[in-house]
Amino acid sequence: MALDYGKCAKEIYETLGGRDNLVSAAHCATRLRLVTVDNGKIDMKKLENIDGVKGVFSSNGQLQLIIGTGTVNKVYEEFLAVSGMTAATKEEVKAAAAAKQPLIKRMVKTLGDVFVPILPAIVASGLMMGLVEALGKAIPGFSDSAWYGVLDMISNTAFTFLPAIIAVSAARVFGGNIFLGGVIGMLMIHPGLINAWSVAGMAESDIPVWHLIGNLFKIRQVGYQGHVIPVVIAVWLMCVIEKWLHKHVPEMIDLFVTPLCTVMITALLTLGIIGPIFSTAESYVLTFAKWIITVGYGFGAMIMGGLYPVTVVAGIHHMYNVIEAGMLSEVGGLNTWMPIASAANFAQGAACLAVGLKAKNAKTKSVAIPSSLSAALGITEPAIFGVNLRFTKPLLCGIAGGAVGALLGSIMHIGATAYGVTGIPGYLTTLDYPLQYTIVLVVSFTISFVLTWIFWKEDEEDAKRAVEKTENKTQDVAGEILEETNDNTIYAPITGNVVALELIPDETFASGVLGNGIGIEPEVGEVVAPFNGTIVTVADTKHAIGLAGPNDMEMLIHVGVDTVKMQGEGFEVFVSAGDTVKAGQRLMTFSIDKIKESGYSTTTAVLLNNSDDYENFKVIKTGATKKSEPVITI
């Protein structure tokens with residue numbers, strides 16, 4: 001019996017609570033995507049039982065109703081008619097959903113959006129820096145060799161130019177010109193400014209100043225190496241200015257007026273206002289830190305061990321070198337700050353490792369585990385920005401572990417003979433306290449790891465998208481062992497010749513309007529599952545199947561062109577909507593000869609309907625291909 005689209009739409013509308021509880025609505029190939037005022041007012045069970053609704057779940061502020069390929073667009077049209085709403089794009093719905101999130105969550109998400117794309121550069125540099133520094137301490141004479149000089153330069157490049165990298169990423173997140181963002185980032189570390197790591201040893205009166213309007217507007221000639229927050233703020237301001245100018249500057253002169261004014265205004269405000277305010281706050285933090293670790297029977301050290309990751313987020317942790325250098329300059333002085341920083345760093349690494357081991361999402365694992373190793377070597381930015389800050393609870397658990405470890409380090413009077421090295425390489429500077437230092441690291445690690453394991457839970461949607469193991473063995477209905485699969489790969493559902501999307505002899509498929517993908521000219525009339533997933537829809541005429549897979553993939557396999565007109569003749573389907581299938585499992589058989597005899601092309605469209613959601617979508621194989629061979633990665 002055919003679905004009554006109008007009745008389905010009306011029941012959905014009424015169950016959602018009517019217009020007053022609706023913010024925005026859109027649809028993709030298989031799902032109705034909604035943003036509501038309050039999901040708590042909705043009877044989810046009743047919603048799931050509506051005829052035509054095959055599933056309901058909530059993700060990132062969106063309520064998603066699985067309806068099916070070829071049906072959802074018709075239900076959507078009826079839904080707009082009954083609700084009086086206007087059509088919205090998926091991007092507009094995502095924006096509306098994000099706007100509903102609490103301010104703190106939005107701010108944390110924004111930082112995550114800025115830092116996650118640059119993690120590969122930070123992780124690589126962090127690991128190399130830790131290893132190079134360790135070799136320099138362990139091997140006499142290596143630190144003076146040419147090899148050390150080259151490796152040290154390579155390893156610290158990402159951190160030396162970190163503000164520029166952050167600026168480009170921030171401009172992308174805030175919707176500005178990424179190249180203008182890069183200019184602002186490079187401006188903040190311009191060689192014409194004194195390096196921020198050097199200025200700490202200078203008297204304030206020795207720091208040169210540009211007086212642009214007397215004493216009313218002046219700029220200290222100091223760079224922002226190692227800083228994070230002022231760069232993000234500056235680029236956000238740049239994007240606001242750029243967007244405003246684009247709206248108000250005549251199009252004829254917009255090309256040169258807008259970039260010129262954007263960079264000039266942002267640069268002056270950054271160097272003259274944003275930077276100085278942040279530097280003043282930084283000075284107070286450092287003075288407070290130096291005072292607090294000397295008082296309170298170790299409790300001051302415990303406080304700083306907890307606060308240390310917060311200063312990493314603020315980008316001012318490098319300035320602690322001033323405190324450490326001052327401690328070492330005293331007669332017989334030891335660096336007692338080092339065990340505090342080391343406990344904090346090791347604890348953040350432990351929290352990150354717990355996330356990596358506990359998470360089911362392959363992407364989370366791939367970031368968390370190497371980032372935890374980087375933190376163990378003393379470089380915590382990848383762990384904090386890429387994982388712990390993003391999920392919040394791991395950051396707090398790491399703070400707890402770092403605080404206790406710092407307390408123990410202070411009570412045991414551990415001191416280092418150098419600065420700039422923490423974590424495992426720190427053993428090389430605490431040779432008189434190997435047992436005590438080990439206790440600090442073990443306690444910090446254990447507390448942080450255990451607390452994170454207990455209190456952090458993976459987002460339900462991330463867990464749902466993940467495959468229990470990144471790689472696993474699957475079988476087809478006959479028990480044949482297929483190749484190893486992972487949740488970022490789509491495998492050929494048919495044996496045949498894989499051709500580019502635009503070569504499919506159908507304008508709708510070839511244009512990509514239904515999503516990016518490939519065409520397959522079949523040699524064998526059999527369709528198998530391209531991944532582990534769920535059957536969303538099976539065409540009444542048996543020629544097409546829609547599937548949902550890992551990482552929220554929505555796929556359509558359409559055998560032949562115009563084969564709907566064959567009314568199922570020559571096709572046999574072995575699955576139904578709602579069935580769970582394994583990669584390689586037989587879904588359908590069809591007669592190549594009958595399709596040709598009917599005058600239709602056998603070229604089969606294999607389309608990822610929501611391919612726009614995946615920045616890394618890539619066709620990795622064309623030409624002769626056997627079923628279950630990798631053809632697409634996301």
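Please read these numbers as outputs of a predicted model, since none were measured by experiment. Position 1 is the first residue of the sequence, and the numbers go up from there.
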Discussion item. Measuring from atom SG of Cys397 to atom CH2 of Trp456, what distance do you get when rounded to the nearest 0.5 angstrom?
Written reply: 11.0 Å
Worksheet item: Is it true that a side-chain atom of Ser145 and a backbone atom of Tyr148 form a donor plus acceptor pair closer than 3.5 Å?
Response: yes
Practice prompt. Check the pair Ile303 / Phe299 against side chain to side chain contact (heavy atoms under 4.5 Å, CB included), numbers first and verdict last.
Written response: CA-CA 6 Å; Ile303 293 173; Phe299 286 101; 5.6 Å; no
Response to the item:
When every non-hydrogen atom of Ala406 is compared with those of Ala301, the smallest separation belongs to CB-O, 3.4 Å
Worksheet entry | Heavy-atom side-chain contact between Phe174 and Met238 under 4.5 Å | no
Practice prompt. Examine distances only and state if a side-chain atom of Ser448 and a backbone atom of Ser444 form a donor-acceptor pair shorter than 3.5 Å.
Written response: no
Discussion item. Could you report the tightest heavy-atom contact between Ala376 and Pro425, atom names first, then the distance?
Written reply: O-CD, 4.0 Å
Worksheet item: What heavy-atom pair brings Lys365 and Ala359 nearest, and what distance separates the two atoms?
Response: CE-O, 2.7 Å
Worksheet entry | Main-chain N/O of Ile369 paired to Ser372 side chain as donor or acceptor, under 3.5 Å | yes
Fill in: Inter-residue atom distance Asp487.CG - Lys360.NZ, 0.5 Å rounding
13.0 Å
Worksheet, complete the sentence: So CE of Met553 and OG1 of Thr489: to nearest 0.5 Å the spacing works out to 8.0 Å
Worksheet item: Is there a side-chain contact between Asn610 and Leu608, using heavy atoms and a 4.5 Å cut-off?
Response: yes
Fill in: Closest non-hydrogen atom pair, Ile447 against Gly401
CG2-CA, 3.7 Å
Discussion item. I want to check something: taking the side chain as every heavy atom from C-beta on, are Ile399 and Gln348 in contact at a cut-off of under 4.5 Å?
Written reply: yes
Worksheet entry | Distance-minimising heavy-atom pair for Thr452 and Ala351 | OG1-CB, 3.4 Å
Discussion item. Is it the case that atom CZ in Phe142 sees more than 12 heavy atoms from other parts of the structure closer than 6.0 Å?
Written reply: yes
Fill in: Reported CD1-to-CZ distance for the pair Ile634 and Phe531, which is rounded to 0.5 angstrom
9.0 Å
Worksheet entry | Euclidean distance, Ile411 CD1 relative to Met302 CE, rounded to 0.5 Å | 9.0 Å
Worksheet item: Do the side chain of Ser169 and the main chain of Ile166 share a donor and acceptor less than 3.5 angstrom apart?
Response: no
Worksheet item: Between Val440 and Phe346, does a side chain to side chain contact (heavy atoms under 4.5 Å, CB included) hold up when you go through it step by step?
Response: CA-CA 9 Å; Val440 167; Phe346 217 66; over 6 Å; no
Worksheet item: Do Thr438 and Tyr427 come close enough that some side-chain heavy atom pair is under 4.5 Å?
Response: yes
Response to the item:
Output for pair (Ile490 CD1, Thr633 OG1), nearest 0.5 Å, gives 8.5 Å
Fill in: pair Ser342-Leu441: side-chain heavy atoms closer than 4.5 Å
yes
Worksheet item: Is the gap between the ring centers of Phe449 and Phe445 under 6.0 Å?
Response: yes
Worksheet item: With a 4.5 Å limit on heavy-atom distance, are the side chains of Val173 and Trp236 in contact?
Response: no
Item to complete: In sequence, state the C-alpha distance, the side-chain angles, and the governing distance for Tyr224 and Thr270, and then conclude on side-chain hydrogen bond (donor to acceptor under 3.5 Å, both in side chains).
Response: CA-CA 11 Å; Tyr224 295 88; Thr270 298; over 6 Å; no
Item to complete: Compare all side-chain heavy atoms of Leu193 with those of Ile189 and state whether any distance is below 4.5 angstrom.
Response: no
Response to the item:
In terms of heavy-atom contacts, Thr422 and Tyr437 come closest through C-OH, 4.0 Å
Worksheet item: NZ of Lys393: more than 12 outside heavy atoms within 6.0 angstrom?
Response: no
Discussion item. Just so I know, are the side chains of Pro309 and Leu395 near enough to count as touching, which here means a heavy-atom distance under 4.5 Å?
Written reply: yes
